[in-house]
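Comments concern the structure below.
Throughout, a chain's letter reflects where its sequence line sits, starting with A, and its residues are numbered from 1. Keep in mind the model is a prediction, meaning the values are calculated, not measured.
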Amino acid sequence: MPVHNSEIAEAFEQIANLLEITGANPFRVRAYRNAARTVAGHPTELRRFVAGDDELTDLPGIGDDLSDKITEFVKTGKIGLLEQLKSELPPGLLELFKIEGLGPKKIKKLYDELAVDSLETLENLAETGEIADLEGFGPKTVENLQKNIRRMKRLDQRFLLNEIEQYAAPLVEQLRGLDGVDRVKIAGSFRRRQQTVGDLDILVNASKAEPVMEAFTGYEDMVDLVAVGDTKSSIILRGGLQVDLRVVDSQSWGSALLYFTGSKEHNVALRGMAGRQNKKINEYGIYQDDNRLGGATEKEIYQQLDLPYIEPELRENRGELEAARNDLLPELVELSDIKGDLQTHSTGSDGKNTLREMGEAARELGYQYLAVTDHSAYLAVTGGLDEEALKRQGEKIDKLNDGWDDFRLLKSAEVDILPDGNLSLDDQVLCQLDLVSVAIHSRFNLSEEAQTKRIIRALKNPLVDILVHPTGRLLGIREAYPLDMEKILQTALEENCFLEINASPMRLDLDEITARRAREIGLKLTISTDAHSCQELANMRYGIGQARRGWLRKQDVLNTRSWSDLTTKYLNS
DNA sequence: GCCGTTTTCGGCCCGACTGTTTTCAGTCG
């Protein structure tokens, strides 16, 4: 079986955790964690490095030793060190790392003194009270442990961006209304537009922290208090979302925002860079010797390090600091650059609004065009269009377009790719359309080879324009089906096709890693909402976030172009 | 275990909060 990057990353993560229990050099542990991130975030499969000429040691955080371990894993399916660690320590210890408040030291103590080797034994011993006898473990620790185990079991999930917004909006509004509060901003992975968010980080700029803390810890939707301090508190909301809040004064606003936005890896790298210039960054500011150099804005801190401002979506320590140093940061695509939405649904299939309603809603967003890509009849569950119905829909679109002089609806369809790579509508139907999108909605379980072949065959049809939601993933629900994405990207490039970043917060498919790879090879992407109602057209912002995380500029996104540009320069049908 | 506007050796971000302690280790972000 070919080894995937995610498996290599997981193995490194396990090695890091097990090494930590053995009390290994913490920097060695960190090296494995860093490598796990590098590997997980790499756009091409590392097994290609092993087979080809590229050097694994060119990757950041991968030296001779870790390069050898990757090679070993790719060739044998195993890593000797991990096997050895697992033979010395029960692998059941690994799941204990997921419990909040339990780290390597405590896990080791539980294992050494009480032979705790799994979640189950831990739960049993917590029940009997034996754990409270251990040095350093009091009754409060046991209570928290039990609480956090329950929470972990209930909530082995992350939240979608739209869910987070629903939780955050009323809380942020309430904080903004407090006396003495100047600014409230959501930081953390939400601000970086990560595809899912584990907890919510809120930063407040206020003259006095106390009343803010009081309001926060008394918030009506709170079900549990995790921590309460003078300037920092954490609560759990109904639904299980943890919210961390920090209050700072305006002088420290920028440094606190930078620190609280992360990523952790970006901050570590940035502070390392500061250290080499004899400067120090903390959440209160940037300093040299005893002099304060700044900290009121994020820009000020970057400037003090001779760097341009780095957008939150890029702060992952995936090359953005180097790019910033060399003045090579991309000018990222923005919501206002978008000229139209290329994947939406109407009452013609499973959408909630009519063609006219969708068109008017798109016009109000300032778009020049909207493609209504109703499903083909093959997908029976959506009540899709057959050839006759599609024709009638085309006539309706013509009439509607006659009534607009600043906007047009595009005749289109979301055509199914059949298991053999043929399409669910005939070519003579497809050639009547302005735009042909194709997608997989069945047989998700084909092998990587068969699924890749299926898609490539579809892309080679000269009438096809866009492959939508290319990997089929549903965040937290369904994994992406296995694909040789590199082959698909290359084929799309050769065939003048485009791949979509689906902006639905449940999908965000393509992911940022693949999006960045597409840009690297010069393949343009579309960002479309897959809206099934007028309201969902506003989901575009989630797709933009994902695109920005993939380093995409305006020119890398097809639907930043006017319709005339699109037809004359990019679409072949 | 990685890495080099201090370096092939000696560093590796930094502070808040908790719980169990009497001054701090562990964990988290």
Side-chain angles (χ1 to χ4, degrees), chain A residues 12 15-16 19-21 23-38 56-70 81 96-110 131-145 147-148 187-189 192 197-203 209 213 217 225-234 242-248 252 255-256 258-287 301 305-306 317 322 325:
Chain A
F12 282 173
I15 290 174
L19 277 177
E20 212 170 16
I21 297 177
N25 174 355
F27 298 107
R28 185 179 172 208
V29 172
R30 186 196 288 173
Y32 277 96
R33 295 234 162 87
N34 286 342
R37 261 183 67 89
T38 297
L56 284 164
T57 50
D58 288 343
L59 301 177
I62 309 285
D64 289 336
D65 190 87
L66 291 179
S67 166
D68 286 348
K69 290 201 166 55
I70 294 171
L81 174 63
L96 302 184
F97 276 92
K98 290 191 212 156
I99 304 168
E100 218 176 315
L102 209 52
K105 298 278 165 52
K106 284 186 177 162
I107 290 175
K108 180 166 167 51
K109 189 149 194 131
L110 288 165
I131 290 178
D133 297 338
L134 283 183
E135 196 192 330
F137 287 71
K140 191 81 188 176
T141 304
V142 177
E143 191 190 317
N144 284 335
L145 218 49
K147 197 162 74 183
N148 290 333
S189 52
R192 301 200 313 279
V197 172
D199 55 20
L200 189 59
D201 302 301
I202 300 180
L203 190 67
M213 284 301 161
T217 54
L225 208 52
V226 180
V228 191
D230 294 338
T231 62
K232 185 180 165 184
S233 296
S234 297
Q242 177 166 334
V243 186
D244 300 336
L245 178 118
R246 183 102 185 225
V247 182
V248 298
S252 298
S255 34
L258 186 69
Y259 158 74
F260 228 19
T261 297
S263 67
K264 187 181 167 185
E265 290 75 10
H266 178 85
N267 287 342
V268 168
L270 202 63
R271 288 174 180 197
M273 193 185 259
R276 285 188 290 278
Q277 300 179 19
N278 285 320
K279 293 168 184 161
K280 192 180 85 167
I281 302 174
N282 59 26
E283 52 267 60
Y284 302 107
I286 178 164
Y287 307 85
I301 296 179
L305 298 173
D306 289 322
N317 197 25
E322 202 186 359
R325 237 187 341 243

Donor-acceptor contact present, side-chain S234(A) to main-chain V226(A), <3.5 Å: no
Interatomic distance at P, dC13(B) relative to dT18(B), whole Å: 25 Å
Measure the distance from [atom1] on [X] to [atom2] on [N] and round it to the nearest whole Å.
X       : N       : atom1 : atom2 : result
I131(A) : dG19(B) : CD1   : P     : 16 Å
N317(A) : dC2(B)  : CG    : P     : 16 Å
M273(A) : dC13(B) : CE    : P     : 13 Å

B/S/- along nucleotides 20-29 of chain B (protein heavy atoms under 4.0 Å) is S-----SSSB
How does protein reach along nucleotides 6-11 of chain B, written 5' to 3' as B (base within reach of a heavy atom under 4.0 Å), S (only sugar-phosphate), or - (no contact)? B-----
Under the side chain to side chain contact (heavy atoms under 4.5 Å, CB included) test, residues paired with A209(A) that sit two or more places apart: V247(A)
Residue list, side chain to side chain contact (heavy atoms under 4.5 Å, CB included) with T141(A), at least two apart or on another chain: K106(A), F137(A)
Within 6.0 angstrom of E322(A) CD, more than 12 heavy atoms from elsewhere: no
Kindly state each residue pair satisfying salt bridge (Lys or Arg N to Asp or Glu O under 4.0 Å) with at least one member in residues 263-286 of chain A, sequence neighbours excluded. R37(A)-E265(A), R246(A)-E283(A)
Pairwise salt bridge (Lys or Arg N to Asp or Glu O under 4.0 Å) hits with a residue in residues 57-70 of chain A, at least two apart: D65(A)-K69(A)
Checking contacts here: which listed nucleotide (dG1(B), dG15(B), dC17(B)) is nearest the side-chain heavy atoms of A31(A)? dG1(B)
